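Chain identifiers are assigned alphabetically (A, B, ...) following the order of the sequence lines, protein sequences preceding nucleic acid strands; residue numbering begins at 1 within each chain. Predicted, not measured: the structure shown is a model, and the values here were computed from it. Because only heavy atoms are used, hydrogens play no part in the values below, and waters and symmetry mates are left out as well, while side chains stay in.
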Number of protein chains: 2
Amino acid sequence: MAASTLTEVARLAGVSPATASRVLNGSARKPGPDIAERVRQAAESLGYVPNAQAQGLAKSSSGLIGLIVHDIADPYFSAIARGVQEAAREQRKMVLLATTGGGPAEEKEAVAAFAARRADSIVIAGSRSRRPGDTEGNAELAAELDRYCRNGGRVAVVGHPVVGATAPEGYHVVQVPNQELAGQLATELAKDWDGKFVIIGGPEGLFTSDDRIRGFQEGLERAGRQPAEVLRNSFNRTGGFEAGLQLAARIKAEQSEGGEHTKLCIFAVNDVMAIGAAAALRAEGLRIPRDAAIAGFDDIETLRDFRPALSTVRLPLEEIGRIATRATGRPGGHSADQDKDHDQELEPAGTIRGEVTLRRSTEVAA
Amino acid sequence: MAASTLTEVARLAGVSPATASRVLNGSARKPGPDIAERVRQAAESLGYVPNAQAQGLAKSSSGLIGLIVHDIADPYFSAIARGVQEAAREQRKMVLLATTGGGPAEEKEAVAAFAARRADSIVIAGSRSRRPGDTEGNAELAAELDRYCRNGGRVAVVGHPVVGATAPEGYHVVQVPNQELAGQLATELAKDWDGKFVIIGGPEGLFTSDDRIRGFQEGLERAGRQPAEVLRNSFNRTGGFEAGLQLAARIKAEQSEGGEHTKLCIFAVNDVMAIGAAAALRAEGLRIPRDAAIAGFDDIETLRDFRPALSTVRLPLEEIGRIATRATGRPGGHSADQDKDHDQELEPAGTIRGEVTLRRSTEVAA
DNA sequence: AAGCAGTGGGAATGCGCTTTCCCGACCGGC
DNA sequence: GCCGGTCGGGAAAGCGCATTCCCACTGCTT
């Protein structure tokens, strides 16, 4: 038994499909109350469920929002996803999920799939990348996105614009002040900390990571410090852990030499990497912040009970998701449609404010 | 400019829409290579993206999998979501996300929405509940699900069957041995631990929580122990934290009395609650496992670096998601269509194996 | 009382695609 | 050389719904 159709409902109610449609699915024209009631009863008794695909076809809009993340199990993304979901609910839409692992090629596929489903808008949460191997993929992604926008789709991307996308109508960027905040973090840390700094970063070319590294270095410079050494690794716990092992070896070597006590202050470009690094140090018998300080970025909720409490930069992840989604919702959203001033930033879809949060892991007294 | 259509492609290629359809979207009939090439070129040059809605309408199947969770930002659910996503990819389908906060009423709406979108299958990851206020919602949810199945939809639910669902064709339950595993955990703990046990549980009526509580009590009984007191609270970190505060007060009172050293062993029915409880104890100046032992359930990945390392029960969350999704994929999946033996369990969609994992937080020497 | 706008309902068209059915061409076998 | 049998392509009928256009009818005005 296939699901019952509007036509069946109409027949049972003794009206035309047009009328049934008008009463069951919001239309400007409201049929008479008696008829409406009859139709509603018929629908009820048949267990009628409108076919959203057919509706979508007819009105060419699907009520779908596409969300692209690297990995939905990563707390960073799942927090954003929660915000997206919430905003989608406000707009009475559903969210379609795509996880890509971070490659532009897969992201392009995801965009194409969303376009195929005629998603009303797309939110790209995953960080942009311009690693050498990605140039072709990026170009394709940009082309796919441009096409999607040209066809009336709206897209919001968190962090950085897609490389090469020509920002047509309906393309929003939610600016995340990674660089600035990382700079502030560096400044704050430099106040109390007189030892050396080391950065554990993601692979080169990953914008989020690069911005945070650059910002941190700038902050260090403003504070009159030497630039920090940068250890690059994968952008997840494992990457942090491995870099942590390297650093642990180095710290232990220095300690056994005796003499200077220039404790290391480690900045991992995200919390998950920071936790990985901390685990590595601990596995090597080092303690935080006694033997080294460590700071992260994001202020992941699940990690807030971690001990020693992790110094980090609070990012309103959920709100980022909400803002990005809302930006794609209102047709009147600002997009950079003015060619003049194209040197300026795109009109931000919303202002994201983060906050440096110093906790135990970087306390100097230990 | 709206997206280009199959008809346009066909016209450009100088063939009929039927032929264009055959070459561009997998059909049994393969047109000649020269024609195929012409069509492909035309499609390419027009930037043709097939309209999945129209395809879905025509073949009445959407390539969509609906996933229902309480909260996508909860690591328990996001881990399952990752598995679902992965399995969906295998089936070349996309996942539609719905978060419900746990109420059957909202779950019913989500099912209806999925049904409207003609999702091929639905995976319900959220725990079932039979709290008093939910009976009506449960009935409606069951009715909606039954209708969905009757119309050819396939559903998999993690943990417990939906209360009142009459298991028609296509209804799968992924059994999670919560009770058994909680029992094993109790047994293991009882070996080394001779103090009292306390359980921090979720609200009464939440199946997952109730099963784990029941199992734990059984395990205790088998070990010849007194049943544990049960503190009920919300099923999240806050719930654990509040219960933890209560327990902390109690422990401190006992400690100041001096005398007996019957240390408490706390079992929180999930890791997130356990972390909350641990945070509360710590906030009250107590240490784990020195002043109290604590164990959780789920073995959430992000929490594995928590110190003291949390004793818990490892659940293959990601695989649970995969298995549930796969169960809905193959049309030949086992469903309980035999009325005889209806006293037996439904044919499990896959066997989930967990593992008791004892770590530092319940070490007796402290 | 005749003409009018306004109202409530139905017929029909189209959204973009799949698929069945049909038809012409081309093949080999007797 | 004629016929049954493919094979490759097109015409057309939906899939389930929204919506435009049209018509019959009501309740007014002049």
Side-chain angles (χ1 to χ4, degrees), chain A residues 1-40 42-43 46-64 113 115-120 151-152, chain B residues 1-40 42-43 46-64 112 115-120 151-152:
Chain A
M1 164 189 169
S4 49
T5 73
L6 226 209
T7 314
E8 291 173 21
V9 173
R11 195 175 331 155
L12 180 60
V15 300
S16 78
T19 304
S21 168
R22 289 196 262 257
V23 24
L24 291 178
N25 310 80
S27 161
R29 284 179 54 176
K30 297 282 168 205
D34 46 342
I35 294 232
E37 190 48 32
R38 266 218 323 273
V39 172
R40 251 184 287 274
L46 255 56
Y48 170 70
V49 178
N51 185 327
Q53 305 214 74
Q55 293 187 155
L57 224 209
K59 345 187 240 208
S60 62
S61 112
S62 61
L64 253 27
R117 298 228 134 75
R118 296 303 183 263
D120 298 333
N151 291 342
Chain B
M1 164 188 168
S4 48
T5 73
L6 224 210
T7 314
E8 291 172 22
V9 172
R11 196 176 330 155
L12 179 59
V15 300
S16 79
T19 304
S21 169
R22 288 196 262 256
V23 23
L24 292 177
N25 311 79
S27 161
R29 283 180 54 175
K30 295 283 167 205
D34 46 342
I35 294 232
E37 189 48 31
R38 265 216 326 271
V39 172
R40 249 184 288 274
L46 256 55
Y48 170 70
V49 178
N51 186 327
Q53 305 213 75
Q55 294 188 150
L57 222 210
K59 358 185 230 206
S60 63
S61 114
S62 60
L64 254 27
R117 297 232 137 71
R118 297 300 186 264
D120 298 333
N151 290 342

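Separating the CG atom of B/Asn51 from the P atom of D/dG16 is a distance of 16 Å, rounded to the nearest angstrom. If you measure from atom CD of B/Gln53 to atom P of C/dC17, you get 11 Å, rounded to the nearest angstrom. One can place CG of B/Asn25 at 10 Å from P of C/dT19, the figure rounded to the nearest angstrom. The CZ atom of A/Arg118 sits 20 Å away from the P atom of D/dC17 (whole-angstrom rounding). Rounding to whole angstrom units, CZ of residue A/Arg11 and P of D/dC17 are separated by 12 Å. Between the CG atom of A/Leu6 and the P atom of D/dT19 there is a distance of 12 Å, given to the nearest Å. Distance, B/Lys59 NZ to C/dT20 C1': 16 Å, rounded to whole Å.
Between A/Gln55 and D/dC17, a side-chain N or O to OP1/OP2 separation shorter than 4.0 Å is absent.
Residue A/Ser60 is out of contact with every strand shown, counting any heavy-atom pair closer than 4.0 Å.
Interatomic distance, A/Leu57 CG to A/Ser62 OG, rounded to the nearest 0.5 Å: 11.0 Å. Taken to the nearest 0.5 Å, the CZ atom of B/Arg118 stands 4.0 Å off from the CG atom of A/Asn51. Rounding to the nearest 0.5 Å gives a distance of 12.5 Å between CG of A/Leu12 and OG1 of A/Thr7. Atoms CG and CD, on B/Leu64 and A/Gln53 in that order, are 7.5 Å from each other to the nearest 0.5 Å.
Residues B/Tyr48 and B/Leu6 share a closest heavy-atom pair of CE1-N, 3.4 Å.
Not a single donor-acceptor pair under 3.5 Å links the side chain of B/Arg117 to the backbone N or O of A/Ala52.
Checking C/dC17, D/dA18, C/dT19 against every side-chain atom of A/Ser21, the shortest atom distance belongs to D/dA18. In the set C/dT19, C/dG14, C/dC17, C/dG14 carries the atom at the smallest distance from any side-chain atom of A/Ala58. The A/Leu57 side chain lies nearest to C/dC15 when the options are C/dC17, C/dC15, D/dC17.
Between A/Pro50 and A/Leu24 the shortest side-chain heavy-atom distance does not fall below 4.5 Å.
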Please tabulate, one pair per line, each protein N/O and nucleotide N/O from nucleotides 6-11 of chain C that are separated by under 3.5 Å, including the distance.
| residue | atom | partner | partner atom | Å |
| --- | --- | --- | --- | --- |
| C/dG8 | N7 | A/Arg29 | NH2 | 3.4 |
| C/dG9 | OP2 | A/Gly32 | N | 3.0 |
| C/dG9 | N7 | A/Arg29 | NH2 | 2.1 |
| C/dG9 | O6 | A/Arg29 | NH1 | 2.6 |
| C/dG9 | O6 | A/Arg29 | NH2 | 2.8 |
| C/dG10 | OP1 | A/Ser16 | N | 3.4 |
| C/dG10 | OP2 | A/Ser16 | N | 3.0 |
| C/dG10 | OP2 | A/Ser16 | OG | 3.1 |
| C/dG10 | OP2 | A/Thr19 | OG1 | 2.4 |
| C/dG10 | N7 | A/Arg22 | NH2 | 2.9 |
| C/dG10 | O6 | A/Arg22 | NH2 | 3.2 |

